[in-house]
Amino acid sequence: MKCGYCGKKVSGNARYCSEYCRKKGEAKANFAHKTRIPLAVILILAVIAAAVGIVLIAAGKINEGFLAVGGGLIAAGVGLLAFPRAGRGAAAFSQVGGGLFFALGLVVLLLWG
């Protein structure tokens, strides 16, 4: 089994390898728990903005549509970067995904906005 914070091998059923890792891991988990609602609100608003953008593009308003889609992608990226998840793998996935969403949103805004 691996430590829930640093990833070192742990013998037995212990979740963390040391007291330091336990404190850091629990603090990270508490932060993720406290910020789950703001993250959900940001992601829901980002999806709504992207959906409005897609509808605007389908209606023929290309510039406004790409502005909304780009804004939604940037909002999702900022949300994922600002509120990372607790686990090691989930936090890394969240940070990389947030960076990609943010970069893609900037590209959309710069090219079509």
Side-chain angles (χ1 to χ4, degrees):
M1 190 167 176
K2 291 187 177 185
C3 175
Y5 182 72
C6 69
K8 291 181 187 175
K9 286 198 175 201
V10 178
S11 60
N13 291 332
R15 186 170 173 165
Y16 300 104
C17 66
S18 67
E19 186 66 20
Y20 173 81
C21 285
R22 185 189 65 76
K23 286 181 182 178
K24 291 291 188 175
E26 288 176 356
K28 203 172 185 183
N30 286 338
F31 178 76
H33 181 73
K34 288 179 183 177
T35 60
R36 72 187 188 285
I37 292 175
L39 176 63
V41 170
I42 289 171
L43 292 178
I44 288 169
L45 292 175
V47 168
I48 290 170
V52 167
I54 292 169
V55 169
L56 287 172
I57 291 170
K61 297 186 177 189
I62 303 296
N63 289 337
E64 294 86 354
F66 277 108
L67 180 67
V69 170
L73 287 171
I74 288 176
V78 168
L80 290 172
L81 289 171
F83 304 120
R85 300 295 80 208
R88 287 173 39 90
F93 182 74
S94 173
Q95 296 289 312
V96 170
L100 289 174
F101 279 148
F102 186 80
L104 182 61
L106 279 179
V107 168
V108 168
L109 283 179
L110 292 175
L111 291 180
W112 289 286

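What you are looking at is a predicted structure, and each value in this text was computed from that prediction instead of being measured. Both backbone and side-chain heavy atoms feed into the values below; hydrogens, waters and symmetry mates do not.
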*Considering all heavy atoms of both residues, which atom of C21 and which atom of C3 are nearest to each other, and what is their separation?*
CB-SG, 3.7 Å
*Where does the angle between the aromatic ring planes of W112 and F66 fall among parallel (under 30°), tilted (30 to 60°) and perpendicular (over 60°)?*
parallel
_Could you check whether atom OH of Y20 has more than 12 heavy atoms from other residues, nucleotides or ligands sitting under 6.0 Å from it?_
no
*Shared ILVMFWY cluster between L80 and L104, side chains joined below 4.5 angstrom?*
yes
*How close do F83 and S94 get, heavy atom to heavy atom, and via which atoms?*
O-OG, 4.3 Å
_If I compare all heavy atoms of Y16 with all of E26, which pair ends up nearest, and what's the gap?_
OH-N, 3.9 Å
*Could you pull out all residues at least two apart from T35 that satisfy side chain to side chain donor-acceptor pair (under 3.5 Å)?*
R85
*Is it true that V78 and L109 fall in one hydrophobic cluster, defined by side-chain heavy atoms closer than 4.5 Å?*
yes
*asked:* Taking F102 as the starting point, is it possible to reach L45 by hopping between hydrophobic residues whose side chains are less than 4.5 Å apart?
replied: no
*Which residue pairs pass the salt bridge (Lys or Arg N to Asp or Glu O under 4.0 Å) test with at least one member in residues 8-19, sequence neighbours excluded?*
E19-R22
*Could you tell me whether F101 atom CZ has more than 12 heavy atoms of other residues or ligands within 6.0 Å of it?*
no
_Non-hydrogen atoms of P84 and Q95 that approach each other most closely_ = CB-NE2, 3.1 Å
*Provide the closest heavy-atom pair for G72 versus A49 in the form atom of the first, atom of the second, distance.*
CA-CB, 4.0 Å
*V107 with I54, same ILVMFWY side-chain cluster at under 4.5 Å*: yes
*For A68 and G53, which heavy atoms make the closest approach, and how far apart are they?*
CB-CA, 3.6 Å
_If hydrophobic clusters are built by linking Ile, Leu, Val, Met, Phe, Trp and Tyr wherever their side-chain heavy atoms come under 4.5 Å apart, do L111 and I62 end up in the same one?_
yes
*asked:* Applying side chain to side chain donor-acceptor pair (under 3.5 Å) as the test, list every pair that has at least one member in residues 65-74; sequence neighbours left out.
replied: none
*Could you go step by step and tell me if L43 and V47 meet the side-chain contact (heavy atoms from CB on, under 4.5 Å) rule?*
CA-CA 6 Å; L43 292 178; V47 168; 5.5 Å; no
